[in-house]
Amino acid sequence: MIHWLTDNWLKIAMPVLAFLTCFVVGLWVRRVVERAFERWRARTRWEGSHLIVKTTRRPFLYWFLLLGALIAIEVSALPPISALAPKAESIGVNIIGSLFVLSLGWLVIILGEQLLRLYLPKVKATQSTTALVVNAIRVIIIVVGVLMVLQIWGVPTSPILILIAVLVLAAAVALRDAAPNLFAGFQLGATQQIKVGDYIKLETGEEGHVTEISWNNTHIRVLDESTVIVPNSRLLQRTVINYGHPLKKAKEPFHFYSRTHLTELTGLKAKNLREFVDILKKVPDTVIYHHTHHFLEQHHYLTPEPSNDFAVWVSDALGDEVLSEGLASVDTFAFSDLEALRERLVGIIEEHLSKRGNFREVMPGREFHFAKSVSVILPTPYVAHDLREFIEALRKISLSSLYFHIFESRLRLGKGLNDFSIWIKDSLGETELGEEIARLDPYTYTLEGLRSALIQVIEKRIK
Amino acid sequence: MAARLSGKVIQNINSTFVGGGVAEILSRMVPLLGQLGVDARWNVIKGSDEFFQVTKKFHNALHGRQERIGPKDFTLFLDTTQKNIGEIELYGDIIFVHDPQPSGLITRKKELGKKWVWRCHIDVSHPNEEVWNFLQPFVVQYDAAVFSAPGFSHELPIRQFLISPSIDPLTDKNRELPQATIDSVLEKYGIPKDKPIITQVSRFDYLKDPVGVIQAFELVRRSIDCRLIFAGGTATDDPESDKVLPGVRERAANSPDIHILLIPPGSDIEINALQRASTIIVQKSLGEGFGLTVSEALWKAKPVVASAVGGIPLQVKNKFTGLLSHGVPGTAYALRQLLTNPEYARWLGENGREHIRYNFLITRHLRDYLLLFLSLDHPGDVIYL
């Protein structure tokens, strides 16, 4: 071995020298280029320049090392050690070429990604769109790099190119519908017509808060808390009402309930005022509630609505218009519990009996029959997290739902205040608005009229 | 709500598949409950002609009409009930018995358990005491009773619910008809369109007071030229029409403006056409379970004059959705009012249609039945589902 080294020291030294020379030249060239680049950056103040310097600094040196290795192989005049030596030279050249291509590809990927991440946000591209473009570029460069490496190693690439062309064509056909959505996504991002968090309403009726804008779809969380996915292109082609940024979120969402009822008969009946008032004193609260409220649902289409059952019976069956007026004019809204309401009604009748007397008996069949309501309370899909969602749900809920939250909750369930006011005050902190709604006398509206009045009051607050 | 009844079988039992309001409602209600996923089925009891004559007498007596009912009648009722108890299969989780005819089946409750509901379609506000006292021991064994109007309830030791009957707006009897169909029906029965038409649609039985209708019409005819149509059919559980119809025909024989029409079962489009061709609908019943013909008329936005009996005041809110009357002169007066004030009549008709839309369509009825079935397992006044 020592003998071989002694014989060939010059043949060994030449390639080593060539390699080291390349390394030194590489260091010098890098310094010169960096200086030139610094001057150019100072002149143009291009914010991407530091990325180029930072990214190319190390690979630049590696390339010179690879160049050195290549020159070393080329200038080497060492005698072959074995029969494989000529092939080894060719393999070495191929490895160097492959490493150069891969490092170049890696550099382009890193640089391209950093530049895209720098520039895409400036054109308001969404995060998902940026990720999509970056990934697409990454894939393209990797494919090109692999093809070049294969070319270096002498592998035929034509069939692969044909396969890639077919795949690209198939993908283009498959994604032909996605393209408009992709471009629409770019446009939405660039124009900021619709942003995440906005409350939007489509002409097809879907509405809710935008929770995500991806490269092809926009996700809307609708009032029943489900998610509607709308293709981006549809948002640009159709009329969309954008109510803008989200309003203050409630601590707890408002869940809308509905209520339906079944009338349960007590079997108790009165044929004169004395019997009537005696029964009225002892029946459960739910009977008082039924007879002072059920007309609100039953006759809500009539203007003016008939009054409570007691007043109607006293007028129609007993013919006592004075007492009927007294009972009809009881302001139910002024009472926050049913016991107090009962006392007021009983008081009016007792006073009337003591002053005027009325012991008339009704005709058979015209007796007053006491009944009560069995309420069945059901959840609805509507949920509101802020006032905008609340208004939109208010437009959609049934009249029974409205009735439940305004009338039944306040008086029958003994909350003393309607559900809407409680939520707006406690969960949204909108005390003034909650009180304004609490001041609305719901007994003076039809149910549809009440719905409009509520919407009007809340819309005024939002504006 | 329907999902909460999943797995339960609702077995309806009455006395006839055809004719009358109960069969008409069940024929719509059972399939609709099925569509909601509720397993509702329908069976009828069997009975001889004599049995149905007795139950018809019970029916009239419960409506408050004087009837001669003897021990033999009660015995026949009990014997037929026993036969049916032996023959009918009681498989429902909720057994929903309609009207008095099958009410005695409750005697199997002790043996079978299950939930039992008695659905009373009759006005029992002023019943014949003897018949009511005979039936009451059956009634109080049920878990709940259902009445069509508040006035029908009694002080009973069981829960009582108010569920009014309903009409189905999509059936042949209630759907919109082209004018050509209406004209062809009038032509078929030889009714010219030359004058205002007053119509009563009801079975030929005493409680519908056909003679009273003719008397009221004659009072109106003294000052206003008009026609009267009395159109009715029969039912298999109603043997009374054979007696009543000849008397009515005889009473109307001298007036060419009175048209007594015996409409065969299933002629719903013809009934619909006659109601739609009418200027005013009258229902001068002496007793009425509910009076679905009033609902039908109001749904067609027709001005209605009806007796304040049974469930009619629930439908006709006097001077809001129609006019209520209490006798022949009152009916005649109300008819004259409407014939001479067509704008007022139109306003009443429109209100009446809305009243039916919100309170007496089959959708409301369906919901009430679901609530009823659910409430059997929830004794409280407020149920959270």
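Throughout, protein chains are lettered first and strands after them, A, B, ... in sequence-line order, and every chain is numbered starting at 1. FYI, side chains are in, hydrogens and waters are out, and symmetry mates aren't considered; it's all heavy atoms of this structure.
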I need the minimum non-hydrogen distance between [X] and [Y], along with the two atoms involved.
X        : Y        : result
B:Phe161 : A:Val374 : CE2-CG2, 4.2 Å
A:His261 : B:Asp368 : O-OD1, 4.0 Å
B:Ser153 : A:His369 : OG-ND1, 4.3 Å
B:Ser375 : A:Leu262 : OG-CD2, 4.1 Å

Within the supplied structure, the quantity of interest is the number of heavy atoms (other residues, nucleotides, ligands) at a distance under 6.0 Å from [X] [atom1]; does it exceed 12?
X        : atom1 : answer
A:Glu350 : CD    : yes
A:Arg344 : CZ    : no
A:Lys281 : NZ    : yes
A:Gln456 : CD    : no
B:Tyr333 : OH    : no
A:Lys271 : NZ    : no
A:Glu325 : CD    : no

| task | Could you look at A:Pro284 and say if it's the side chain, the backbone, both or neither that has a heavy atom under 4.5 Å from chain B? | result | neither
| remark: If one checks every heavy atom of A:Arg412 against chain B at 4.5 Å, the contacting part turns out to be side chain
| note | In terms of heavy-atom pairs under 4.5 Å with chain B, the winner among A:Arg366, A:Glu367, A:Lys372 is A:Lys372
About how many Å separate [atom2] of [Y] and [atom1] of [X], when rounded to the nearest 0.5 Å?
X        : Y        : atom1 : atom2 : answer
A:Leu378 : B:Tyr384 : CG    : OH    : 11.5 Å
B:Ile163 : A:Glu264 : CD1   : CD    : 11.0 Å
B:Leu162 : A:His294 : CG    : NE2   : 9.5 Å
B:Arg364 : A:Thr260 : CZ    : OG1   : 10.0 Å
B:Lys317 : A:Asp316 : NZ    : CG    : 9.0 Å
B:His326 : A:Met363 : NE2   : CE    : 5.0 Å

| message | Strictly less than 4.5 Å between heavy atoms, which residues of residues 143-151 of chain B line up against chain A? Please order them by number. | response | B:Phe147, B:Ala149, B:Pro150, B:Gly151
Residue part contacting chain A, namely of [X], when any heavy atom lies under 4.5 Å:
X        : value
B:Leu156 : neither
B:His378 : neither
B:His126 : side chain
B:Arg357 : neither

| message | Between B:Asp123, B:Leu371, B:Asp381, B:Leu385, who has the most heavy-atom pairs with chain A when the cutoff is under 4.5 Å? | response | B:Asp381
